[in-house]
There are 2 protein chains.
Amino acid sequence: MTTGIPESCCTLDIAGQDQARLVEMFKAIGNPHRFEVMKFLVTHPGCITGDIVALLPLAQSTVSQHLKVLRQAGWIEGEVEGPATSYCLHEENIAWFSAKVGEIF
Amino acid sequence: MTTGIPESCCTLDIAGQDQARLVEMFKAIGNPHRFEVMKFLVTHPGCITGDIVALLPLAQSTVSQHLKVLRQAGWIEGEVEGPATSYCLHEENIAWFSAKVGEIF
DNA sequence: CAATTTCATCGTATTTTTACGATAAAGGAA
DNA sequence: TTCCTTTATCGTAAAAATACGATGAAATTG
């Protein structure tokens, strides 16, 4: 017996905490500047805030804010190294994101 | 010869129009209400605006606005049917999204 | 035709996001 | 210690997103 619902291109079979976490990741990466930061980190892992400030046409404080959004959403992680902070992609969370998107889309 | 850059969990190998389009899709789906609409459409393809209004704790005009955002980002398509509008997932665009995310993450 | 249903759009208020300059904290260099 | 570098945070202004009620257009109903 079938449901009568035609097959869909995706299931979107997700809910609760997982859904909220995924939506927050979507929101964080759904900004052109922040997406650029992510791209940059692929080829410049461990770079410091100043490198990212140089990349973007934005003030240092604004970049710092964008980095905070990416960090809180789980896309990146920052490590204090002396007076600087070095950033890397958060590989574990990105893998989670990739897997979830693969499951539901 | 290698680049000296350690392997990454993703390539994010995308640019230009494709990147802009993808970021806009991320942004549109990065909202809890809009994500719920997408989930609903999986199981209720062809439903009308009023069905979605009934789903969300929002005014009709607000829901209409969210539907517009999803439509403009390419997530859904609406078809006027008499006085109503019926909505479906935009399968082609969703397939594009899924493929792109799969490529770069 | 008149009344009703459905929904997109308009005008507007509120909230959130984005952006900047200034400041302060923390570490390294002189 | 005294500077200098680096960067997060604070305060605030501007822009964008979100939300609502009211209105009007379009199609169906009576």
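We name chains A, B, ... by the order of the sequence lines, and we start the count at 1 in each one.
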What nucleic acid atoms does [X] come within less than 4.0 Å of, heavy atoms only: base, sugar-phosphate, or nothing?
X	value
A:E81	nothing
A:L67	nothing
A:T49	sugar-phosphate

| task | Specify the closest pair of heavy atoms between B:C88 and B:G46, including all atoms of both residues, with the distance to one decimal. | result | SG-N, 3.5 Å

Below the 4.0 Å mark, does [N] have OP1 or OP2 next to a side-chain nitrogen or oxygen of [X]?
X	N	result
A:Y87	D:dA8	yes
A:N31	C:dT17	no
B:K27	D:dA17	yes
A:R34	C:dT18	yes
B:H66	D:dA17	no
B:T85	C:dA8	yes
B:K68	C:dT9	yes
B:S61	D:dA22	no

| message | Counting only side-chain heavy atoms from C-beta out, which of C:dC20, D:dC20, D:dT6 sits nearest to B:T62? | response |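 Selected nucleotide: D:dC20.
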
| task | Measure from the side-chain heavy atoms of A:S64 and tell me the nearest of D:dA8, D:dA17, D:dA19. | result | D:dA8

Separation of [X] atom [atom1] from [N] atom [atom2], in whole Å?
X	N	atom1	atom2	result
B:H33	D:dA19	NE2	P	4 Å
A:I48	C:dA26	CD1	P	19 Å
B:Q72	D:dA16	CD	C1'	14 Å
A:Q65	D:dA15	CD	C1'	14 Å
A:L56	C:dC20	CG	P	10 Å
B:I76	C:dC7	CD1	P	13 Å
A:F35	C:dT18	CZ	C1'	20 Å
B:I52	D:dA19	CD1	C1'	17 Å

Within the 4.5 Å heavy-atom criterion, are [X] and [Y] side-chain neighbours or not?
X	Y	answer
A:E36	A:I52	no
B:V63	B:H33	no
A:R34	A:W75	no

| message | Quick one: does any side-chain atom of B:K100 pair with a main-chain N or O of B:Q19 as donor and acceptor, under 3.5 Å? | response |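 Checked: no pair found.
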
| Hey, does the side-chain of A:Q60 have a donor or acceptor N/O within less than 3.5 Å of a partner on the base of D:dA8? | yes

| task | Go through the side-chain N and O atoms of B:Q72 and B:E24 and say whether any donor and acceptor fall under 3.5 Å apart. | result |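 No - no donor-acceptor pair under 3.5 Å links their side chains.
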
| task | Using the closest heavy atom to pick a nucleotide of DNA chain C for each, name whichever of A:L58 or A:G82 lands nearer the 5' end. | result |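 Counting from the 5' end, the first nearest nucleotide belongs to A:L58.
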
| message | Quick check on DNA chain C: between A:V80 and A:A59, whose nearest nucleotide comes earlier from the 5' end? | response | A:A59

